[in-house]
Amino acid sequence: MLGTLLGGSFGALFYAATFSPANALENGVGRLPALGYNTWNAFACNINESLVLESAQLMVSLGIQAAGYQYVNIDDCYAEPTRSSSGDLVANTARFPNGMKNITDQIHALGFKAGIYSDSGWFTCGGFPGSFQNELRDATLFQEWGFDYLKYDNCNIPFDDIIRQGMLGKYTRMSDALIQLAKSSGQPPFLFSLCQWGWEQVWLWGSTLGHSWRITGDIAPNWDSLALIINFNSFITQATDFYGHNDMDMLQLGNGGLTFDESKSHFTAWALMKSPLLIGTNLAEITPDILGIITNPEILAIHQDPVVGKSVSPFRWGLNPDFTSNSSFPAQFYSGPSENGTVFMLLNTLNEPADMFFNLTESPWIRAGRQYSVRDLWSHTDNGTAVRNFTATNVPAHGVVALLLKDAGDEPAGIFPPCAVWDNCAFENGTAAN
Ligand SMILES: *[C@@H]1O[C@H](CO)[C@@H](O)[C@H](O)[C@H]1NC(C)=O
Ligand SMILES: *[C@@H]1O[C@H](CO)[C@@H](O)[C@H](O)[C@H]1NC(C)=O
Ligand SMILES: *[C@@H]1O[C@H](CO)[C@@H](O)[C@H](O)[C@H]1NC(C)=O
Ligand SMILES: *[C@@H]1O[C@H](CO)[C@@H](O)[C@H](O)[C@H]1NC(C)=O
Ligand SMILES: *[C@@H]1O[C@H](CO)[C@@H](O)[C@H](O)[C@H]1NC(C)=O
Ligand SMILES: *[C@@H]1O[C@H](CO)[C@@H](O)[C@H](O)[C@H]1NC(C)=O
Ligand SMILES: *[C@@H]1O[C@H](CO)[C@@H](O)[C@H](O)[C@H]1NC(C)=O
Ligand SMILES: *[C@@H]1O[C@H](CO)[C@@H](O)[C@H](O)[C@H]1NC(C)=O
């Protein structure tokens with residue numbers, strides 16, 4: 001749809017100018033996209049104290065914590081079906097026999113922060129009590145329980161004549177409660193993760209309320225789901241920067257359904273687009289392949305870039321005309337700035353291997369007339385110096401190439417044409433050169 005509406009230079013102008021994270025909630029928490037673990041994708045409601053603690057211990061013993069993952073998050077279904085007589089949420093006594101403070105103490109003792117879940121409506125998506133009209137009460141309890149992070153869902157929304165608010169107002173209720181709680185308790189604010197997939201509004205105002213906001217429905221462990229989310233996010237990458245992140249949903253790695261190359265593409269796109277990275281794998285059964293993917297230090301370094309918060313964005317769609325929205329065949333050529341140079345992501349959306357070529361100056365962050373050293377962020381090798389262009393050969397079906405290009409000085413003299421962009425180029429005496 002966007003593809004038919006936006007053409008040529010008007011499209012490019014609209015794309016660059018519309019999105020700004022200027023209103024981001026800069027409260028000191030969540031400047032960089034979160035890195036952690038969440039129980040939902042692998043276990044749904046089948047969670048308990050021993051599972052959460054074993055997962056946290058595995059994060060340590062498998063080296064996942066050392067790679068930078070900080071959060072251990074409990075999703076839905078931790079609560080009893082009804083509130084206590086005094087109105088508080090109650091942790092499920094069978095699943096969490098020692099209570100929530102006991103488990104967060106152990107999570108903290110392992111060096112992690114702890115995350116919990118609630119819902120902005122009457123009930124959570126799993127049918128447990130929601131936080132509507134109990135926002136400050138529940139936030140206070142979550143803090144007493146020792147949690148640092150709140151994922152806030154969007155099920156069972158009250159009727160308009162009760163809430164008298166749209167989606168923004170509904171989420172503001174909890175955002176306000178978290179701010180009030182931080183002020184009154186003197187403790188750091190919760191990291192607030194909005195699980196709100198009514199995307200039309202969220203990427204415009206999400207950053208005023210929290211660390212991240214969901215952009216689509218739930219991820220599934222198959223390529224179609226990845227392609228849909230990447231295509232969607234490719235149009236709104238400008239909404240992401242420090243303190244505000246398009247949430248592409250949790251990592252579906254190792255849950256069946258993705259090939260090794262698709263798994264690399266999944267992790268690369270999520271990381272370089274600066275989405276929160278929450279592992280959704282059963283860590284007791286994780287394979288060396290998946291462990292290697294989620295701990296890739298060069299990809300994680302860009303995700304956690306302390307100097308540049310921007311996402312990669314497409315510079316050429318490739319297979320389809322620029323600005324084509326196609327849920328099965330998203331844009332293929334992306335780049336973005338980083339502390340150490342320009343990051344490129346090449347996504348082979350075809351069902352067969354392909355060579356992928358780009359001119360360096362197709363990326364706005366490249367300087368014409370300069371050459372660039374090429375670092376391959378998956379093979380962890382220096383791949384020579386690129387002059388004018390680069391070709392990745394034989395990129396696997398649904399596979400990815402991630403490169404870091406660093407300025408390596410002036411390009412060799414005498415390369416033709418004298419302007420990389422051979423348009424409106426002129427001799428010093430004013431004669432057009434093309
Ligand atoms: C805890 O949950 C895990 C994963 O669902 C399950 O395998 C295990 O049996 C459960 N343990 C207890 C004590 O319920
Ligand atoms: C958690 O509960 C168990 C069982 O009662 C107890 O042995 C342990 O000391 C508690 N740990 C913390 C950190 O409270
Ligand atoms: C930049 O390079 C330095 C030195 O190699 C490295 O420590 C840092 O993580 C890199 N930053 C990014 C964002 O890749
Ligand atoms: C998506 O792009 C592919 C490749 O160009 C094309 O074959 C397909 O028809 C497109 N799908 C839609 C819905 O436009
Ligand atoms: C790359 O640059 C060459 C030489 O200027 C030009 O002919 C070609 O069209 C460019 N290709 C792309 C994809 O920009
Ligand atoms: C790529 O750049 C080189 C100069 O380094 C040039 O000779 C070659 O023609 C370019 N390839 C394409 C396809 O533009
Ligand atoms: C970079 O070089 C390594 C080692 O030769 C190779 O495995 C990898 O495929 C190269 N990367 C690209 C994008 O060509
Ligand atoms: C301008 O300079 C170019 C390159 O030296 C030359 O080929 C061209 O004839 C000059 N044009 C005029 C009008 O002098």
Side-chain angles (χ1 to χ4, degrees), residues 8-9 11-12 47-57 60 72 74 78 90-114 116 141-148 313-324 329 331-335 342 344-350 354-374 383-395 401 403 405-426 432-434:
S9 58
I47 56 169
N48 54 55
E49 177 186 286
S50 48
L51 168 76
V52 173
L53 290 174
E54 279 161 22
S55 301
Q57 284 152 3
V60 177
V72 174
I74 297 171
Y78 62 83
V90 180
N92 184 296
T93 50
R95 296 183 188 284
F96 295 95
N98 296 300
M100 286 302 188
K101 185 70 172 72
N102 180 289
I103 203 170
T104 61
D105 280 349
Q106 295 186 67
I107 289 171
H108 289 147
L110 288 168
F112 294 107
K113 292 176 176 169
I116 192 70
L141 181 65
F142 296 147
Q143 187 166 74
E144 283 166 15
W145 279 351
F147 288 103
D148 313 283
S313 304
F315 60 83
R316 176 160 39 96
W317 264 243
L319 191 63
N320 285 318
D322 288 353
F323 292 96
T324 301
F329 293 92
Q332 298 183 293
F333 295 88
Y334 301 77
S335 73
T342 305
F344 284 82
M345 177 173 85
L346 316 180
L347 197 62
N348 180 11
T349 57
L350 297 171
D355 291 351
M356 300 186 76
F357 165 92
F358 62 92
N359 286 320
L360 302 191
T361 54
E362 287 186 83
S363 164
W365 288 284
I366 288 290
R367 290 173 62 187
R370 307 284 281 185
Q371 59 187 350
Y372 285 82
S373 68
V374 178
N383 287 44
T385 304
V387 180
R388 292 284 175 105
N389 55 54
F390 185 83
T391 303
T393 52
N394 207 23
V395 182
V401 172
L403 305 170
L405 268 66
K406 290 192 200 186
D407 191 307
D410 288 347
E411 68 180 22
I415 297 183
F416 188 85
C419 299
V421 179
W422 192 236
D423 179 40
N424 273 310
C425 205
N434 55 320

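For the single chain, residues carry numbers from 1 onward in sequence order. As the structure lists them, so they are numbered: ligands from 1, and atoms in each ligand from 1. Note: hydrogens, waters and symmetry copies are ignored here, and every other heavy atom, side chains too, is used.
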By number and element, which atoms of ligand 6 are closer than 4.0 Å to a non-hydrogen atom of [X]?
X      : answer
Val387 : 2 (O), 4 (C), 5 (O)
Arg388 : 2 (O)
Phe357 : 12 (C), 13 (C), 14 (O)

Subject >> For atom 1 (C) of ligand 2, closest protein heavy-atom neighbour >> reply: Asn102 ND2, 1.5 Å
**OP:** Among all protein heavy atoms, pick out the one at the shortest distance from atom 2 (O) of ligand 6; state its residue, atom name and that distance to 0.1 Å.
**Re:**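 So the nearest neighbour among protein heavy atoms is Asn389 ND2, 2.3 Å.
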With a 4.5 Å heavy-atom cut-off, do [X] and [Y] have their side chains touching?
X      : Y      : answer
Trp145 : Tyr78  : yes
Trp422 : Phe416 : yes
Phe358 : Asn389 : no
Phe344 : Val401 : no
Val60  : Phe112 : yes
Gln332 : Leu346 : no
Met100 : Leu141 : no

Less than 4.0 Å from [atom], is there any heavy atom belonging to the protein?
atom                    : answer
atom 5 (O) of ligand 6  : yes
atom 9 (O) of ligand 6  : no
atom 13 (C) of ligand 5 : yes

Original post:
Do any heavy atoms of Arg316 fall under 4.0 Å from ligand 5?
Top reply: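 Yes; Arg316 lies near enough to ligand 5 that a heavy-atom distance drops under 4.0 Å.
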Subject >> Atom pair CZ (Phe147) and CD1 (Ile116), whose distance is rounded to the nearest 0.5 Å >> reply: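 So the gap between those two atoms works out to 3.5 Å.
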Original post:
ligand 2 and Asp105, any nitrogen or oxygen pair closer than 3.5 angstrom?
Top reply: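 By distance alone, the answer is no.
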Original post:
In terms of atom number and element, which parts of ligand 2 are under 4.0 angstrom from non-hydrogen atoms of Asn98?
Top reply: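 Matching atoms, with element in brackets: 2 (O), 4 (C), 5 (O).
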Original post:
Which atoms of ligand 5 have any heavy atom of Asn359 under 4.0 Å away?
Top reply: 1 (C), 2 (O), 3 (C), 8 (C), 10 (C), 11 (N), 12 (C), 14 (O)
Subject >> Atom indices of ligand 5, in the order listed, that fall short of 4.0 Å to a heavy atom of Ala420 >> reply: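 In order of numbering, the contacting atoms are 5 (O).
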**OP:** Compute the shortest N/O to N/O distance between Ile415 and ligand 6 and return yes if it is under 3.5 Å, no if not.
**Re:** no
Original post:
How far apart are the C-alpha atoms of Gln371 and Asp410, what are their side-chain angles, what is the distance that settles it, and do they pass the side chain to side chain contact (heavy atoms under 4.5 Å, CB included) test?
Top reply: CA-CA 6 Å; Gln371 59 187 350; Asp410 288 347; over 6 Å; no
